[in-house]
Student: 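Please find one structure pasted underneath; my questions will follow.
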2 protein chains.
Amino acid sequence: MDNDKNKRITVKDVAAALGISPSTVSRALSPEKQHLVSDRVIELVEKKSEEMGYTANPMATALKRGATKTIGMMIPDILNPIFPPLVHEIQQLTNKLGYTLTLAYTENNQELALEEVKRLIARNVDGIILASAFRKDPTVDYCLDHGKPLVQVNRVIDNLASDQVLVDDREGIYQLFEHLYKLGHRHIAHIAGPNEISSGLSRRHAFISIADMFDVSPDHAPVISARAFSELAGKDATKILLKEHPEVTAVIAANDLLALGCIEELEAVGKIIPNDISVTGFNDMPYLDWFRIPLTTVSLPQTQLGDQSVRMLLSQIRKDSDSAFPRKVLLQPRLVVRKSTTTPRK
Amino acid sequence: MDNDKNKRITVKDVAAALGISPSTVSRALSPEKQHLVSDRVIELVEKKSEEMGYTANPMATALKRGATKTIGMMIPDILNPIFPPLVHEIQQLTNKLGYTLTLAYTENNQELALEEVKRLIARNVDGIILASAFRKDPTVDYCLDHGKPLVQVNRVIDNLASDQVLVDDREGIYQLFEHLYKLGHRHIAHIAGPNEISSGLSRRHAFISIADMFDVSPDHAPVISARAFSELAGKDATKILLKEHPEVTAVIAANDLLALGCIEELEAVGKIIPNDISVTGFNDMPYLDWFRIPLTTVSLPQTQLGDQSVRMLLSQIRKDSDSAFPRKVLLQPRLVVRKSTTTPRK
DNA sequence: GTGAAAGCGCTAACAT
DNA sequence: ATGTTAGCGCTTTCAC
């Protein structure tokens, strides 16, 4: 067995083996500079470096060039079933385009988020996809201050300070509300997500305004706030809802996890879903089809979300002309009717 | 607005601002070298670099030191619900220990896997956690040849060539088999995972040997192979099972996804689960509690899996004496009885 | 078309 | 206790 396990083969080694200069090797191996080198030498270099097992050291390249061919993605939490599909999509795409995706997790903690974004930028990522923004968010400012290409997905800050790709929350809530209204519901509650998160706020606003459009008066369309987008928060919000508005026949939860928590609590007090009360979610998390109470919900265009974010980010990185002004893309969700909704009892 | 957005602040800048040398700044900021510097200077440097917004460039450090404080983890696919919990666990732990985790995906494709591991090593990760090994796997060889610290989790190659942390498949199958046997089942089938994956093979072997222990003859304990650990493969395997062994009253699937596919097919031909036929899984994927047919399965000690792998890897990286010989850790799964199993019909 | 030399930002000798 | 120098591996002027 060879004893140079740890010895790295460098351009120098390849150059020496070929009796040429490191610069030539470098050029021969770089697609953008190959044209400066004779075909014969290119071939020689390619064969030799392959043979010697040469792989360029990305650290050195990055240090020299300032670009890393790496993009960073921040998500709150990989355990939240919404994110794996999005990460997958984005990973596939960036990879295909020659970039490496680095994940960072914020745990929905703004301080941690800032630390992590600092780390990403210190590591010289070429750009950042932020799927964890709060409405006021120092991470966004940090990226912008440092001139880092940035796109926000799904959750955004209040002003259009960078590219954003969003799901049309209003349309989603509209579809859900209409679905329930057509079933005959006239007392519909909303379990809202945190106000500090754009999707929480915009779904809440959408709900209020759409209730009005359908001539459902505010006291027949109560809103309860959940403190987080989690099962437990949904359960707790539902306790309050049941106490304060026992008359509601349907609940639009701001996401699937809240809806699950809601169902949990409803069943705990003996309600039958959907007969006693209809419940809807938002996002269409994986495996919902398999659930005991398959949730009626609204599904995200995950592929487009990923696609758009990557494209926008790359156009920023390449400084394409169309990236001169922040852009906002609004993607459409799709109603998925399952078994958690039906006509109101009686 | 300042126009030096892109300008990186370096040790040199901080040193210049303080009228001292870069090395002193470097030392003052490095925990291991601080003791070589006067307390007064340390304080000065810390304040100044904070004030100037200095962050070390990890590329440069890596290039110089040869170590990146980065560890790589390879998983087949982030969409497989087994992996997020494991990734989460490992991520938390490595982060706490000052390491950054980089993920790579193999899509269960050996060639892609090799490419990815090469990339990780080219990027100079300090070690690799491999959760995607095949029984014969060039990725393992590649790591070993390059002297990279490596631990295999959950799926391993045939020989003990590096540290491994495993779930005790035999124990898991035993618990499931015993559970079904006690319920009265005497015709139990196994839907096996691919033979090329260690967990597929070892669960199959476990099944065969345990059937024998319980004096269930081989023709009352048929084994059907699925081509992958997926829902679809489970469905297809079940078609064959139903044709060839209509008499079975219970199925032990090699993992949850296979079990789901199995259930899908059984229901497609009008069977009622668990009354007509009991089905069990393996792994206890998230949200199983919520499922229409909550799966009886065996749950993995995810925390320990993550914990052990990280510890072992770090002990290799630090070249602790206990890492001189490959170690194999066998963790115990736990039976989780839900609603997909009951006494055999009639 | 190719080589020599400098430098990205950092740290580890080797001075002093 | 601190400064000076060199070099990690690469790319890129600038020469020829």
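Every chain is numbered from 1, with letters handed out A, B, ... down the list of sequences. Heavy atoms only: backbone and side chains are in, while hydrogens, waters and symmetry mates are out.
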Student: What does the list of N/O pairs under 3.5 Å between the protein and nucleotides 12-15 of chain D look like, with a distance for each?
Tutor:
unit_1 : atom_1 : unit_2  : atom_2 : d
D/dT12 : O4     : A/Ser23 : OG     : 3.4

Student: With sequence neighbours left out, write down each residue that passes side-chain hydrogen bond (donor to acceptor under 3.5 Å, both in side chains) with A/Lys136, or none if nothing qualifies.
Tutor: A/Asp158
Student: Just by distance, with hydrogens left out, do B/Arg27 and B/Ser21 show a side-chain donor and acceptor under 3.5 Å apart?
Tutor: no
Student: Would you kindly say whether B/Asn124 and B/Thr68 are connected by a side-chain donor-acceptor distance under 3.5 Å?
Tutor: no
Student: Can you list everything that forms a side-chain hydrogen bond (donor to acceptor under 3.5 Å, both in side chains) with B/Arg327? Sequence neighbours excluded, please.
Tutor: B/Asp163, B/Ser315, B/Asp322
Student: Whole Å only: how far is the CG atom of A/Leu29 from the C1' atom of D/dG9?
Tutor: 13 Å
Student: Check whether the side chains of A/Thr55 and B/Arg123 place a donor and an acceptor atom closer than 3.5 Å, and report yes or no.
Tutor: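 Checked: A/Thr55/B/Arg123 side chains show no N/O donor-acceptor pair below 3.5 Å.
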Student: Rounded off to whole Å, could you give me the CG-to-P distance for the A/Asn124 and C/dC10 pair?
Tutor: 11 Å
Student: Salt bridge check: are B/Lys48 and B/Glu51 linked by an N-O gap of less than 4.0 Å?
Tutor: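 Between B/Glu51 and B/Lys48 there is a salt bridge, with a charged N closer than 4.0 Å to a carboxylate O.
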Student: Mind listing the residues from residues 36-46 of chain B sitting with a heavy atom below 4.0 Å of DNA chain D? Number order is fine.
Tutor: B/Leu36, B/Val37, B/Ser38, B/Val41
Student: Return yes when atom CD of B/Glu111 has more than 12 non-hydrogen atoms of other residues, nucleotides or ligands closer than 6.0 Å, and no otherwise.
Tutor: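 Check fails, neighbour count at 12 or below.
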Student: Using a heavy-atom cut-off of under 4.0 Å over every strand shown, decide if B/Ala62 touches base, sugar-phosphate, or nothing.
Tutor: nothing
Student: Which of the following nucleotides, D/dC10, C/dG9, C/dC8, is nearest to the side chain of A/Thr61?
Tutor: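 Among the listed nucleotides, the one closest to the side chain of A/Thr61 is D/dC10.
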Student: Residues in side-chain hydrogen bond (donor to acceptor under 3.5 Å, both in side chains) with B/Asn108, at least two apart?
Tutor: B/Arg155
Student: Would you please say whether a donor-acceptor pair under 3.5 Å links the side chains of B/Gln152 and B/Ser162?
Tutor: yes
Student: Whole angstroms only, please: what is the CG-P distance between B/Leu18 and D/dG3?
Tutor: 10 Å
Student: Could you check whether B/Glu50 pairs with B/Lys47 (Lys NZ or Arg NE/NH1/NH2 to Asp/Glu carboxylate O, under 4.0 Å)?
Tutor: no
Student: Let me know the distance between CG of B/Asn57 and P of C/dC8, rounded to the nearest Å.
Tutor: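 Whole-Å distance recorded here is 12 Å.
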Student: Nearest-Å distance, NZ (A/Lys69) to C1' (D/dT11)?
Tutor: 15 Å
Student: Can you tell me the distance, in whole Å, between the CG atom of B/Leu63 and the P atom of C/dA12?
Tutor: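 Spelled out: CG on B/Leu63 to P on C/dA12 is 13 Å.
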Student: Angle, rounded to 10°, between the helical axes spanning five pairs at each terminus of the helix from C/dG1-D/dC16 to C/dT16-D/dA1?
Tutor: 40°
Student: So, B/Asn159 versus B/Arg135: side-chain donor-acceptor pair below 3.5 Å or not?
Tutor: no
Student: Between atom CD1 in B/Ile20 and atom P in D/dG3, what is the gap in whole Å?
Tutor: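 The answer, rounded to whole Å, is 6 Å.
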Student: May I have the distance from B/Lys12 (atom NZ) to D/dT4 (atom P), rounded to whole angstrom?
Tutor: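 Between P of D/dT4 and NZ of B/Lys12: 12 Å.
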